[in-house]
2 protein chains.
Amino acid sequence: MTTHPDPRFQAAADTPAGQLARQLYGLASVRRELGKVANAELPGHGFGALVSVRKREHARVSDIAADLQVDLSVASRQIAGLVAAGLVERQPDPADGRAHVLALTDAGITALRAAFLEMVARLDQSLADWAPEEITQLAAGLERLATSFNAVAATSADADADTDSADQEVAA
Amino acid sequence: MTTHPDPRFQAAADTPAGQLARQLYGLASVRRELGKVANAELPGHGFGALVSVRKREHARVSDIAADLQVDLSVASRQIAGLVAAGLVERQPDPADGRAHVLALTDAGITALRAAFLEMVARLDQSLADWAPEEITQLAAGLERLATSFNAVAATSADADADTDSADQEVAA
DNA sequence: AGAAGAATGCTTGCTGCAAGCAACTATAGC
DNA sequence: GCTATAGTTGCTTGCAGCAAGCATTCTTCT
């Protein structure tokens, strides 16, 4: 179309960050299908919570919520679903009567492994013609991206709860 | 942070595809926040639809649905929202009375650019210490991933000769 | 040619799921 | 006791999908 060429916009779109933004948004369908595969055999969207529980030993619901960056109530319900399904064990924290300590059950470990393998299988279909080091390189890049991105999120959260006006330098 | 070493799980996680799977799933919060930024000023989750309308000239609702890989009804409602907001124009197709031809209005172009610039701005905060070529490399990897992934999806879903105009251009 | 019937493009009503907020309970710590 | 913290649950909202419906176009049979 290019009805009204906008130099400022063009410049931003061709920026490395602009290219990355485009690709990240285009990843929507990939992530959705992968999520479907991952959660197929789990209650709700439990996969993320399952992974999160596995990551730390004395996980508490609030830890999971912080890790997934969702509301505490969301984490609470996801964990409740996983407990009901026998995938997570919830025991009173001996050190704090309000809290619960979470851990995967054997069934939970099995389920997590199965879900993970399904994801990998689905990915492998698409990565048939990729070199292993290309895949690991992409994975490394994504890991770094997530780290960088979450670091900024944490910083701006610390700075102020106000999220609207604090951060934008759109102007050129 | 693993307390009970699980060799089998670790082995699965350490394959290249396994690493990629983990990182893709870990991208949830990144994509969510980026989506929030992108859709902040738009009705519903309109950004994707807006991009999709922008990509092709004589877009129809079914084209958008296919492009976004969502149900036709979802696309219909998103487009309706964008039309109501004055960002998309919907005119009867002169060649087919059942169909509508979609196009961005000037306001739509403006809104799309603004949303895109917001996304880029948010990303730039996180990418401050990245080398430009690292960013472009990651973007290229993601583009290839999306291509590979959607190719498999298309094959398994329905062998469709829908090899129309090239995709992935937010900028114009 | 013309009409019946199938197919297409899209919209809309209904349902289900998941997320967030707010209110509540129970415990902790001063 | 008084306040903060951990967690659960009720309520609301919003988005997605299915299925039914409407209007239009295509097909085909006579």
Side-chain angles (χ1 to χ4, degrees), chain A residues 28-29 31-33 35-36 38-50 52-53 56 58-85 88-103 157 161 163, chain B residues 28-29 31-33 35-36 38-40 42-50 52-53 56 58-85 88-103 157-158 160 162:
Chain A
S29 59
R31 267 204 42 82
R32 187 167 13 172
E33 182 173 339
K36 238 187 268 180
N39 292 295
E41 306 292 333
L42 300 174
H45 287 179
F47 181 78
L50 219 47
S52 191
V53 170
R56 62 190 79 212
H58 300 300
R60 289 147 74 131
V61 176
S62 49
D63 294 328
I64 308 302
D67 188 35
L68 301 179
Q69 302 186 277
V70 297
D71 191 81
L72 183 61
S73 66
V74 173
S76 175
R77 278 185 248 261
Q78 284 186 351
I79 295 296
L82 293 171
V83 169
V88 167
E89 221 175 15
R90 176 168 43 182
Q91 292 182 335
D93 188 336
D96 187 335
R98 299 166 299 180
H100 300 285
V101 175
L102 306 173
T163 50
Chain B
S29 59
R31 267 204 43 82
R32 189 170 11 177
E33 182 172 340
K36 238 188 270 179
N39 290 296
L42 300 174
H45 287 178
F47 182 77
L50 218 47
S52 192
V53 171
R56 59 189 80 210
H58 300 297
R60 292 147 76 129
V61 176
S62 50
D63 294 327
I64 308 302
D67 188 36
L68 301 179
Q69 301 187 279
V70 297
D71 192 81
L72 183 60
S73 65
V74 173
S76 175
R77 279 185 250 261
Q78 284 185 351
I79 295 296
L82 293 172
V83 169
V88 167
E89 223 176 14
R90 176 167 45 181
Q91 291 182 335
D93 188 335
D96 187 336
R98 298 166 300 181
H100 300 285
V101 175
L102 305 173
D158 190 355
D160 193 33
D162 179 78

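Just so you know, these numbers come straight off a predicted model, no measurement behind them.
Atom CG in A/Leu82 sits about 11 Å away from atom P in C/dA18, given to the nearest Å. Regarding B/Leu102, its CG atom lies at a distance of 13 Å from the C1' atom of C/dT11, rounded to whole Å. Across the protein-nucleic acid pair, B/His100 atom NE2 and D/dT25 atom C1' stand 14 Å apart, rounded to whole Å. Atom CG in B/Asp96 sits about 11 Å away from atom C1' in D/dA23, given to the nearest Å. Here the P atom of nucleotide D/dT8 and the CD atom of A/Gln78 are 12 Å apart, to the nearest Å. The CG atom of A/Asn39 sits 14 Å away from the P atom of C/dC17 (whole-angstrom rounding). The NE2 atom of B/His45 sits 12 Å away from the P atom of D/dG17 (whole-angstrom rounding). One can place CG of B/Asp63 at 9 Å from P of C/dG9, the figure rounded to the nearest angstrom.
Among the nucleotides C/dC21, D/dG17, C/dT27, the one closest to the side chain of A/Arg98 is C/dT27. Which of D/dG17, C/dG9, C/dG20 sits closest to the side chain of B/Ser62 comes down to C/dG9. If you check D/dT8, C/dG9, D/dG17 against the side chain of B/Ala99, the one that comes closest is C/dG9. Distance from the side chain of B/Arg90 is smallest for C/dT11 among the nucleotides C/dT11, D/dT25, D/dT8. Side-chain proximity of B/Ser73 to the nucleotides D/dT9, D/dA19, C/dG9 is greatest for D/dA19. Proximity note for A/Asp71 (side chain, C-beta onward) versus D/dG17, C/dG9, C/dC21: the nearest is C/dC21.
At a threshold of 4.0 angstrom between heavy atoms, the contacts of A/Arg32 with the nucleic acid are absent. Within 4.0 Å of B/Arg60, counting heavy atoms only, lie sugar-phosphate atoms of the nucleic acid but no base atom.
For B/Arg77, no side-chain nitrogen or oxygen approaches OP1 or OP2 of D/dC18 to under 4.0 Å.
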Audit row: B/Asp63, B/His58, side-chain contact (heavy atoms from CB on, under 4.5 Å) steps and yes/no: CA-CA 9 Å; B/Asp63 294 327; B/His58 300 297; over 6 Å; no

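The side-chain heavy atoms of A/Ile79 and A/His100, taken from C-beta on, include no pair separated by under 4.5 Å. Inter-residue side-chain proximity for A/Gln78 and A/Leu68 is flagged as met; some heavy-atom pair is nearer than 4.5 Å.
Considering all non-hydrogen atoms of both residues, B/Ala80 and B/Arg90 come closest at CA-NH2, 4.3 Å.
A side chain to side chain contact (heavy atoms under 4.5 Å, CB included) with B/Leu82 holds for exactly one of B/Leu102, B/Ile64, B/Val88; it is B/Val88.
If you find the closest nucleotide of DNA chain D to B/Asp93 and to A/Val61, the one lying nearer the 5' end belongs to A/Val61.
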